[in-house]
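The next block holds one structure in the form of structure tokens; read it before the comments.
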Amino acid sequence: MNTSTHDLSGLQFAAGLSKQSSQMGHLRKYSAEETWTRIQPDLKSCGVTRVAPITQLDVLGVPSWVAVRPGGKVLQVSNGKGLSDTAARVSAAMEACELHRAENPLPSQIWQASGQSLPNERSGGANRILRPHELPGMLPRYYEDGFVAEWTLGVNLSDSQPCFAPSSAIYFLRRPGYYETSSNGLASGNSLAEAYLHGLYEVIERDAMCAVRQNGKLLLRQRAQIIDPDSVNDPAARLILDRCHETGSEMRLFALPGAVNLPVIWAVLLDQGSGSARSSCNVGWGCHAQPQIALHRAITEAAQSRLGMIHGARDDILRKPVHAVEGPAASPVFAFFRNLKSDTSWSTISEAPYLDPGQGPDIAIRRIVDALEKNGRGPVFGFDLSDPTHNFFAARILAPKLKFDKALF
């Protein structure tokens with residue numbers, strides 16, 4: 001079989017990314033390969049019938065996979081990305097599994113009680129009960145302390161004291177439904193601490209996105225740093241950015257202001273040659289204690305987002321303003337990002353002093369939560385959604401003082 005130069009360059013690109021990914025396996029408890037081996041037995045019980053690559057649907061070649069759960073209650077197709085096929089496959093499968101846990105709580109994880117009758121001796125007193133109106137986004141629903149409702153037991157991550165929250169803030173489709181369904185703060189990992197940490201990263205990155213938006217406008221010049229993509233010297237990111245250029249796309253990169261001193265990167269992938277606005281402007285976010293990993297997450301998620309649009313099977317693709325026009329030439333959003341001028345080099349971002357996460361997720365959680373408390377953005381609560389028969393852990397983070405705008409995500 002003949003291999004075209006384009007195909008060959010794609011193979012070389014994939015090999016280069018895979019090499020970079022293999023050099024980062026120490027950042028988790030288990031490598032991507034070990035994680036895949038561990039979670040495979042759980043896929044069937046989580047309703048996953050297929051995990052497959054969609055990478056080749058796009059010219060970029062950034063690994064992207066999907067995990068399919070035909071019986072999923074809120075989402076049947078989950079996307080995953082990474083610097084290697086194995087990492088992307090694990091990412092998709094873990095997202096599907098954590099959604100399964102959020103859709104199907106164990107009976108032991110749900111308490112039927114009134115606010116007055118919850119076991120306060122276990123929760124540290126009435127102040128450890130998070131009543132519906134104390135959490136943002138409450139819908140116009142009836143609540144008073146004598147009303148019997150569903151609750152879930154969690155923990156205050158700053159002092160390890162137990163707390164109760166309405167189950168509809170933690171799980172999907174619970175009754176009474178005090179809140180709109182959201183996956184904000186939902187995460188999984190090879191340990192509970194790993195899941196908590198990645199949930200923390202997510203709520204911080206989404207709060208940072210909200211911080212640059214005011215009255216429906218993005219104040220990126222005023223509140224963010226616009227990174228020169230040509231200044232990026234990280235090997236894995238450089239491969240992807242060069243690949244974008246080679247295939248007629250371009251990436252805009254932003255460093256966003258976080259609630260704590262952690263790098264938060266936003267990537268916007270632009271494609272002038274796309275025939276549809278849905279795949280002409282796609283975005284990704286990343287937050288991590290290590291700037292290069294925040295960058296990797298943002299740019300691979302932007303590529304994954306475009307692939308998700310091209311693939312078209314994900315069932316939560318919604319119509320947004322950028323999708324309401326025929327193509328990039330008519331899109332004011334595309335023009336806005338295209339015309340932004342860089343004002344910051346990658347070295348300014350990557351070499352800045354950030355919060356030291358220490359060694360291991362337990363220490364990182366404590367230091368990040370302490371920093372949020374110090375900055376007036378605490379408290380932060382963690383909820384264990386795990387099934388002890390599974391080889392993965394799932395968790396939900398609630399951070400009432402961190403903002404989340406569902407329209408942006």
Side-chain angles (χ1 to χ4, degrees), residues 133-140 179-185 200-229 250-270 277-278 280-288 291 294-295 297-299 301-302 305 316 318-325 328 330-344 348-349 352 354-355 368 371-380 397-409:
H133 62 273
E134 295 174 358
L135 297 173
M138 183 184 176
L139 298 171
Y179 314 94
E180 286 189 20
T181 299
S182 164
S183 63
N184 190 37
L200 266 174
Y201 284 147
E202 181 169 274
V203 295
I204 290 169
E205 91 184 19
R206 293 182 171 185
D207 175 79
M209 188 66 231
C210 293
V212 298
R213 186 171 184 258
Q214 182 176 316
N215 299 325
K217 295 183 178 180
L218 291 174
L219 305 180
L220 292 171
R221 293 185 182 91
Q222 299 90 334
R223 298 183 181 179
Q225 294 167 284
I226 307 174
I227 303 168
D228 179 4
E250 52 190 303
M251 195 84 75
R252 293 289 184 266
L253 301 171
F254 308 90
L256 305 182
V260 293
N261 189 24
L262 289 172
V264 181
I265 305 298
W266 187 28
V268 180
L269 178 58
L270 303 173
R278 286 184 178 270
S280 68
C281 183
N282 299 103
V283 301
W285 296 267
C287 174
H288 196 276
L295 179 64
R297 289 182 173 179
I299 60 179
E301 187 172 272
S305 176
D316 66 342
L318 305 175
R319 178 169 291 278
K320 296 182 180 180
V322 68
H323 302 147
V325 294
S331 170
V333 176
F334 186 94
F336 170 78
F337 286 111
R338 190 81 185 275
N339 294 329
L340 286 173
K341 302 299 181 184
S342 304
D343 58 24
T344 304
T348 300
I349 305 303
Y354 294 107
L355 182 151
I368 292 171
L372 285 168
E373 293 273 5
K374 183 178 179 180
N375 293 344
R377 307 302 296 276
V380 180
I397 293 292
L398 287 187
K401 292 186 180 179
L402 296 185
K403 294 181 179 180
F404 171 66
D405 185 347
K406 194 173 182 179
L408 291 172
F409 300 92

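Hydrogens, waters and symmetry mates play no part in the numbers below; they use all other heavy atoms, side chains included. Every value quoted in this text rests on a predicted model; they were computed, and no experiment measured them.
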I'd like to check I299 versus I265 (side-chain heavy atoms, cut-off strictly below 4.5 Å). Are they in contact?
no

Heavy-atom closest pair (M251 atom, P229 atom, distance to 0.1 Å) is O-CG, 3.7 Å

Between V283 and S305, which heavy-atom pair has the shortest distance, and what is it?
O-CB, 3.5 Å

Using 0.5 Å steps for rounding, measure from the CZ atom of R206 to the OG atom of S183.
5.0 Å

Test your reading of the model: is there a side-chain donor-acceptor pair from D207 to the backbone of K403, 3.5 Å cut-off?
yes

Given 3.5 Å as the limit, does a donor-acceptor pair link the side chain of R252 with the main chain of F337, or not?
yes

Once rounded to the nearest 0.5 Å, what's the spacing between atom OG of S280 and atom CG of L270?
7.5 Å

According to the interplanar angle, ranging from 0 to 90°, do the rings of F254 and W266 count as parallel (below 30°), tilted (30 to 60°) or perpendicular (above 60°)?
tilted

Verify, without hydrogens or angle tests, whether N282 (side chain) and L269 (backbone) share a donor-acceptor contact under 3.5 angstrom.
no

What pairs with E373 under side-chain contact (heavy atoms from CB on, under 4.5 Å), at least two apart in sequence or on another chain?
S158, V369, P379

Got a second to check how far E202's CD is from N184's CG, nearest 0.5 Å?
5.5 Å

How far apart are the C-alpha atoms of Q214 and R223, what are their side-chain angles, what is the distance that settles it, and do they pass the side chain to side chain contact (heavy atoms under 4.5 Å, CB included) test?
CA-CA 11 Å; Q214 182 176 316; R223 298 183 181 179; 2.2 Å; yes

Qualifying residue for side-chain contact (heavy atoms from CB on, under 4.5 Å) with L253, from L295, I226, T344, I349:
L295

Option among I204, V260, V203, L402 that satisfies the side-chain contact (heavy atoms from CB on, under 4.5 Å) test with R377:
L402

For R221, enumerate each residue passing the side chain to side chain donor-acceptor pair (under 3.5 Å) test, keeping only those at least two apart in sequence or located in another chain.
none

Using the side-chain contact (heavy atoms from CB on, under 4.5 Å) criterion, which residues pair with E180? Sequence neighbours excluded.
L139, K406

Does E301 reach the main-chain N or O of W285 with its side chain, forming a donor-acceptor pair under 3.5 Å?
yes

Measuring from L262:CG to Y354:OH, what's the distance to the nearest 0.5 Å?
9.0 Å

